[in-house]
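Below is one structure, written out as structure tokens; the observations come after it.
Whatever order the structure lists them in is the order used to number ligands and atoms, beginning at 1. Below, each value reflects all heavy atoms present in this structure, side chains not excepted, and no hydrogens, waters or symmetry copies.
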Amino acid sequence: MTIQNLIRPSIKALKPYSSARDEFKGNTDNLTFLDANENPFENGVNRYPDPQQGKLKALISQIKDVPTENILLGNGSDEVLDLLIRMFCEPNKDNIIILPPTYGMYEVLANVNAVETIKINLSEDTFQPKKETILSKSNANSKILFLCSPNNPSGNSFEVSTIAFLLKNFKGIVVIDEAYIDFSKQESWLSRLNEFPNLVVTQTLSKAFGMAGIRLGMCFASAEIIATLNKIKPPYNINELTQAKAIEGLSKMTLINSQIASLLEQRDILVKALDEVRFIEKVYPSEANFVMVKVDDANKRYQQLIENGIVIRNRTTQPLCENCLRLSVGTKEENRRLVENLKKL
Ligand SMILES: *Cc1c(COP(=O)(O)O)cnc(C)c1O
């Protein structure tokens with residue numbers, strides 16, 4: 001397997017759009033820019049943003065300890081996931097593999113791109129990937145395997161040995177969606193990028209970093225994969241305001257780390273309290289900033305909570321999640337209100 005053989009022929013042949021900002025690079029001081037048909041009157045956003053997000057990537061590179069040539073940024077992870085599907089999967093021919101219950105966007109994005117989704121449920125008891133079944137059900141057109149670890153909505157991480165086995169044996173790209181990695185005791189797979197040419201790791205500023213509103217997703221992979229993603233991404237996909245706000249937010253790592261620590265503490269307190277709720281039959285172990293619980297009647301409890309002004313996520317229709325609810329960890333006060341309401345239902 002080579003990466004080049006996995007890329008769609010039309011993408012390999014693609015000559016990318018060359019923007020004004022691509023064609024003139026160099027020291028921008030004291031230059032008169034009349035190349036991009038921008039409005040010249042200064043208002044802070046009248047110029048196109050940096051298409052390669054140099055300053056922001058340098059900061060992410062430093063925080064994550066990954067060279068900038070191995071980083072691509074997207075308008076949320078959702079754009080990153082869409083670009084990956086479009087890079088590798090030929091419409092009406094190729095397929096992706098997902099492991100339900102999991103994040104809903106993988107299948108939606110595949111559907112948008114006319115790419116088939118092969119679903120192989122996680123194991124019923126432990127929510128771990130069934131690695132042999134994944135290999136036996138995949139075929140020559142299976143281009144991407146999506147592993148969400150920690151997994152949404154079950155909250156657990158996948159075993160390191162299982163993921164390593166799949167990286168070695170699956171004959172396509174393995175995307176590890178690490179949206180919740182900062183809440184997990186597991187080490188990120190970023191440190192092993194060099195070991196596996198088919199490994200792609202995605203992360204986001206939407207969860208632990210507290211910036212869901214700016215839409216910034218991160219993709220980490222070999223320089224070869226990143227170079228092709230760069231060819232197909234929209235030229236100015238990360239807007240000026242997002243780049244500026246992300247730089248500002250990421251410069252406050254002490255604050256972010258203390259928020260993560262607080263959420264983990266609150267999660268443990270919440271889990272203990274949920275254990276004592278009469279109609280909660282099971283509290284699933286979580287390595288994320290949410291907790292999945294099995295209740296007596298998910299639809300009924302979901303409705304009752306809404307009547308009390310609390311909105312949670314009902315996952316009862318998902319495979320292996322009958323009567324399961326997903327609860328995000330909030331502030332101490334929000335969690336207290338949730339538990340108080342649950343106890344009086
Ligand atoms: C929340 C979440 C994301 C984040 O998506 P963004 O588009 O970056 O906000 C990605 N993957 C999973 C599994 C998630 O739960």
(message) Here's a test for you: under side chain to side chain donor-acceptor pair (under 3.5 Å), which of N314, T317, T316 qualifies with N299?
(response)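 The single option meeting the side chain to side chain donor-acceptor pair (under 3.5 Å) with N299 is N314.
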What does the N/O contact table under 3.5 Å look like for ligand 1?
from     : atom 1 : to   : atom 2 : distance (Å)
ligand 1 : 7 (O)  : S77  : N      : 3.0
ligand 1 : 7 (O)  : D78  : N      : 3.2
ligand 1 : 7 (O)  : D78  : OD2    : 3.4
ligand 1 : 7 (O)  : R215 : NH2    : 2.5
ligand 1 : 8 (O)  : S77  : N      : 2.7
ligand 1 : 8 (O)  : S77  : OG     : 2.7
ligand 1 : 8 (O)  : T204 : OG1    : 2.7
ligand 1 : 9 (O)  : S206 : OG     : 2.7
ligand 1 : 9 (O)  : R215 : NH1    : 2.8
ligand 1 : 9 (O)  : R215 : NH2    : 3.3
ligand 1 : 11 (N) : D177 : OD1    : 3.3
ligand 1 : 11 (N) : D177 : OD2    : 2.7
ligand 1 : 15 (O) : N152 : ND2    : 2.9
ligand 1 : 15 (O) : Y180 : OH     : 2.6
ligand 1 : 15 (O) : K207 : NZ     : 3.2

Distance-only check: which donor-acceptor pairs under 3.5 Å involve side-chain atoms of residues 58-70, not counting sequence neighbours?
from : atom 1 : to   : atom 2 : distance (Å)
S61  : OG     : V66  : O      : 2.7
K64  : NZ     : Q203 : OE1    : 2.7
N70  : ND2    : A221 : O      : 2.9

(request) Could I get the full list of salt bridge (Lys or Arg N to Asp or Glu O under 4.0 Å) partners for E265, not counting sequence neighbours? (result)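 Partners of E265 by the salt bridge (Lys or Arg N to Asp or Glu O under 4.0 Å) criterion come out as none, since no residue qualifies.
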(request) List for me each residue that meets side chain to side chain donor-acceptor pair (under 3.5 Å) alongside E307, sequence neighbours excluded, and say none if there are none. (result)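 None.
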(request) Give the ring-plane orientation class for F24 versus F33, where under 30° counts as parallel, over 60° as perpendicular and anything between as tilted. (result)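 Because their plane-to-plane angle is over 60°, the rings of F24 and F33 count as perpendicular.
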(request) Among V201, L147, T204, find the one that has a side-chain contact (heavy atoms from CB on, under 4.5 Å) with E178. (result)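 So, applying the side-chain contact (heavy atoms from CB on, under 4.5 Å) to E178 and each of V201, L147, T204, only V201 qualifies.
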